[in-house]
Amino acid sequence: MTFNLLNLTNTKPEKQIVSLLQEVKDPEIPVLNVLDMGIVSAVRVTKEDLVEIDIIPTYSGCPAMKEIKDDIFKKVSPIFKNLTIKLVTSPPWTTDRISKEGLQKLKDYGIAPPLGKDQGEFSYMDIKIACPRCESKNTVLQSAFGSTACKSMHKCHDCLEPFEHFKCHI
Amino acid sequence: MTSDASLLKFSLRLADNLFVLSHRLSELTSSNPTLEEDIAVANISLDLLGQARHVYSYCGETLENKNKSEDDYAYLRDEREFYNVKLVEQPNTDFAYVMARQLFFDTFQILFYESLIKSPNKDLSSIAEKGLKEIKYHYRHSSNWVIRLGDGTEESHQRMQEAVDELFTYTGELFSTDEVEVDLIKQGVIEDPNSFKSLWEKRVQEVLKEATIKTPSKETFMAFGGKNGVHTEYLGKILAEMQCLHRAFPGAEW
């Protein structure tokens with residue numbers, strides 16, 4: 001299921017906010033924006049031009065959330081001065097919130113995108129993930145935990161490059 | 001006890017478990033057995049800290065009417081005001097202890113979160129729903145290590161058996177209930193943790209069996225008190241280290 005905020009927002013201010021959000025990059029993976037990541041769960045504009053944006057953490061302890069909140073504020077508040085950004089815990093973030101474009105951007109950046117829901121949550125520990133550089137499946141899991149909470153570490157036996165995999169969260 | 005007071009104490013018990021255990025794991029940073037383990041343990045610690053923060057935030061914003069911040073809970077409470085179970089404050093004696101402690105906790109926390117997800121309290125159920133996804137990874141990690149070390153060399157087996165034997169005495173407290181739980185169970189906010197105790201016992205026993213480790217007897221003396229602020233000698237030392245900087249420079253900011 002992909003979440004397309006543009007389908008939900010038909011009014012001019014909300015469309016404007018969405019295009020501003022597309023310029024706010026994930027601090028850890030700067031090729032993705034916060035909408036690609038599915039971090040923005042809601043955008044509300046009230047009659048009085050009060051703007052509320054809800055963001056959800058990818059992992060409970062994601063240390064980038066403060067920076068993301070600040071970056072969204074810096075981008076949106078010059079135009080929408082009455083802005084509140086709230087970090088909420090519901091709905092829980094899952095990897096199927098990452099947009100199709102986001103998945104491709106991850107791969108191009110060298111991070112193996114998350115496996116689908118249908119393949120089960122721990123499948124990356126049991127099946128071989130395709131190398132994002134050379135596509136080979138002759139890879140091995142080095143650690144279930146990577147440089148950030150959301151990634152695992154793998155190595156490709158063909159091109160000999162290490163790579164990270166975005167862990168599936170369902 | 002008023003129902004609000006019960007909810008606050010229940011939430012603090014949950015947050016303090018996560019927070020103290022997170023801190024214990026963070027103490028190991030840069031000294032775990034391998035580089036990959038160092039990253040793994042740090043990640044697990046961070047997950048727990050994140051979950052703790054969400055619960056403290058709920059306590060401060062909602063239950064205490066914005067009168068408290070996360071930092072207030074973390075840095076300005078004394079030992080007797082922390083309500084974590086004694087298990088999570090036990091020392092990182094060796095890697096076997098760390099993984100045995102983690103096994104006992106992770107097995108419990110999965111069941112605890114699966115139960116809490118059903119709560120009509122949306123704040124707690126959403127934190128549980130998110131936390132469950134992370135705890136499942138932790139459980140996979142700790143159970144794999146207990147098996148690998150238990151069914152390992154003579155030395156690793158001995159150390160794991162010792163760790164399991166010593167820490168088992170702190171597992172009873174995970175399921176203890178008092179007027180706080182009784183109150184919340186009556187209101188339909190939570191389920192009785194004893195309803196999943198035998199499942200916990202079964203799962204732990206299965207892992208220990210595969211690890212060729214003897215499960216300690218059910219007659220083992222169980223230690224209680226942490227949930228009401230009566231702790232082992234270790235919590236005081238943890239807090240002294242954790243809180244001293246914040247208390248030495250009140251109001252200091254980056």
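Here is how names work: the chains are called A, B, and so on, in the same order as the sequence lines, proteins then strands, and each is numbered from 1.
In summary, the aromatic rings of Phe19(B) and Tyr56(B) are positioned with their centroids under 6.0 Å apart.
When heavy atoms are compared at a cutoff of 4.5 Å, Met153(A) approaches chain B solely by way of its side chain, counted from C-beta outward. Heavy atoms closer than 4.5 Å to chain B are found in both the backbone and the side chain of Pro57(A). Looking at Leu46(B), both its backbone and its side chain come within 4.5 Å of chain A, counting heavy atoms on both sides.
Top candidate by heavy-atom pairs under 4.5 Å with chain B, chosen from Leu87(A), Val88(A), Thr148(A), is Thr148(A).
A distance-only check finds no donor-acceptor pair linking the side chain of Asp38(B) to the backbone of Pro33(B) [under 3.5 Å].
You'll find the side chain of Leu32(A) stays beyond 4.5 Å of the side chain of Lys25(A), heavy atoms only.
Under 4.0 Å is where a charged nitrogen must lie from a carboxylate oxygen, and between Asp106(B) and Arg140(B) no such pair does.
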